[in-house]
2 protein chains.
Amino acid sequence: MEPKFLALDQEKQDRILNAAMEEFAGNGYKNTSTNTIVKKAGISKGLLFHYFSNKKELYLKIYDYFVDLFLSEVQEKVDWEDKDIFNRHRQMASLKIKLFYQYPNVFNFLNAAFTENAQDLRGELESRRERFINHNYREMLQDIDMSKFREDMDVSKMIEIISWSMEGFAYKQQAKFKGLSLDEMDLEETLQELDRYIEVLKYSFYK
Amino acid sequence: MEPKFLALDQEKQDRILNAAMEEFAGNGYKNTSTNTIVKKAGISKGLLFHYFSNKKELYLKIYDYFVDLFLSEVQEKVDWEDKDIFNRHRQMASLKIKLFYQYPNVFNFLNAAFTENAQDLRGELESRRERFINHNYREMLQDIDMSKFREDMDVSKMIEIISWSMEGFAYKQQAKFKGLSLDEMDLEETLQELDRYIEVLKYSFYK
DNA sequence: TTTGTATTGACCAATCCGGTCAATAGGAGT
DNA sequence: ACTCCTATTGACCGGATTGGTCAATACAAA
């Protein structure tokens, strides 16, 4: 990210980042107007182009910034010694929720970036995608303690079902949080709710 | 749908419908150009506007057409006497796959329509959404035989996990089918693969 | 008052798009 | 071969929108 931009106070940075991500996530690259972004962020057009030299750079800088932020967070905060698949998922969920509090549209934005196919971004994005998916799910689920699973069912299918459940839960939570203010969202409560699903899965799939 | 349009031979109809759905699904309403649709469908611009009076009508007519098609199919083909949740899901999956063969983008289109927020469509779409979600998931999962579930876990959570797994499976299959020709996709094989996941879930959640 | 930086927003050239319509193609009937 | 009618074409246009610029202003510090 540009040093000029990073010198801004955090609140203004976040206003701009969130405005841009919300628009990009909701409308795609091409159909997002810089006019809308500046209006939503409460800054002038000129200022946006003072920080980012053009729309394409705005998009890619934000993309890189958050991929880095998230991946380094994961690398750093996850306890890689713990080989229990549910604990791994729970830790990831916790990180995601924390990031979600500050940037409610990061994951929508990153998901959208995954299916984005604007001409201007082709190539630039394509080379970046692999990194993200490799890191996110491969690394996370490798090195798992398989011996805990019941032996009368297909382990890989159980693992898939667990992932799908985590995604389903995340999606459900996000819909629930839509439109709520920050202090109405309770991290602990959400994690406890998640634990109840984990309980069901653990009880079903573990020995 | 316009009678003029329905008088076309099926193959041309489908070419137009699929082209439109693919574009609308991938780029959203506003960012979809009728120029692209006609190019992809292999017809002239004039002809499209001969069948559909304008872009908005094109979108909504297609939406209504496929919602009706799918819902009536469900109403008609599902065996409502069978109260087993897995059989219900399996039947729904079978219907979806069949429709997917003829219209590979119906569900992408309908999903996109669900989050579409173009100014021109607001209101028109909003009033239509409720109907779809009510029918699709409420009706499908009501009237289920709960007595088959284990009693030491939360039934509603198991039901959610089952739904999330079906969605995850569908998503995975669709990614797998991406770019394949019709005759490379095998309905029976897909259903058998689905059955293996159902087996795991049934074994875990049923008494 | 001066100087230097942060910020504004009117402005513009370029692009693109939905929709029209005069013209043509092509088939059926005679 | 000719007529008639419908199906289909695609060049064309007014209007809307956009990314990006830049001269002007606001503001803070000295």
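All chains are named by letter (A, B, ...) in the order of the sequence lines, taking the proteins before the strands, and each is independently numbered beginning at 1. These values consider heavy atoms only, across backbone and side chains, with no hydrogens, waters or symmetry-generated copies.
Each end of the helix from dT1(C)-dA30(D) to dT30(C)-dA1(D) gets its own rotation axis from five pairs of C1' atoms, and the angle between them is 10° to the nearest 10 degrees.
For K172(B) and Y197(B), the side-chain atoms include at least one donor-acceptor pair closer than 3.5 Å. Side chain to side chain, D14(A) and Y103(A) meet the donor-acceptor criterion of an N or O pair below 3.5 Å. Side chains of R88(A) and Q91(A): no donor on one and acceptor on the other come within 3.5 Å. Between the side chains of E76(B) and S72(B), no donor-acceptor pair is found at a separation under 3.5 Å.
Separating the CD atom of E23(A) from the P atom of dT18(D) is a distance of 11 Å, rounded to the nearest angstrom. Between Q119(B) atom CD and dC17(C) atom C1' the separation is 18 Å, expressed in whole Å. Between the NE2 atom of H50(B) and the C1' atom of dC5(D) there is a distance of 12 Å, given to the nearest Å. Distance CD1 (I16(A)) to C1' (dT8(C)): 14 Å, rounded to an integer number of Å. What separates CZ of F49(A) from P of dA23(D) is a distance of 18 Å, to the nearest Å. Distance L48(A) CG to dG9(C) C1': 13 Å, rounded to the nearest Å. A straight line from NZ of K56(B) to P of dG19(C) spans 11 Å, rounded to a whole angstrom. In this structure, D120(B) atom CG and dT17(D) atom P are separated by 10 Å, rounded to whole Å.
Contact check of residues 27-42 of chain B against DNA chain C (heavy atom, cut-off under 4.0 Å) returns T32(B), S33(B), T34(B), N35(B).
Looking at K98(A) and E73(A), no side-chain N of the basic residue comes within less than 4.0 Å of a carboxylate O on the acidic one, giving no salt bridge. Using a cutoff of 4.0 Å between basic side-chain nitrogens and carboxylate oxygens, R196(A) and D154(B) are not scored as salt-bridged. A salt bridge links R15(B) with E11(B): the closest approach of a Lys/Arg side-chain nitrogen to an acidic carboxylate oxygen falls below 4.0 angstrom.
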Let me check something: any side-chain donor-acceptor pairs from residues 43-52 of chain B under 3.5 Å, sequence neighbours excluded? List them with distances.
| unit_1 | atom_1 | unit_2 | atom_2 | d |
| --- | --- | --- | --- | --- |
| S44(B) | OG | L47(B) | N | 3.4 |
| K45(B) | NZ | N35(B) | OD1 | 2.9 |

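Both N54(A) and K45(B) lie near DNA chain D, and the one whose nearest nucleotide falls closer to the 5' end is K45(B).
At the heavy-atom level, Y51(B) lies under 4.0 Å from the strands shown only through sugar-phosphate atoms.
Annotation: F24(B) is in aromatic contact with Y59(B) [ring centroid separation under 6.0 Å].
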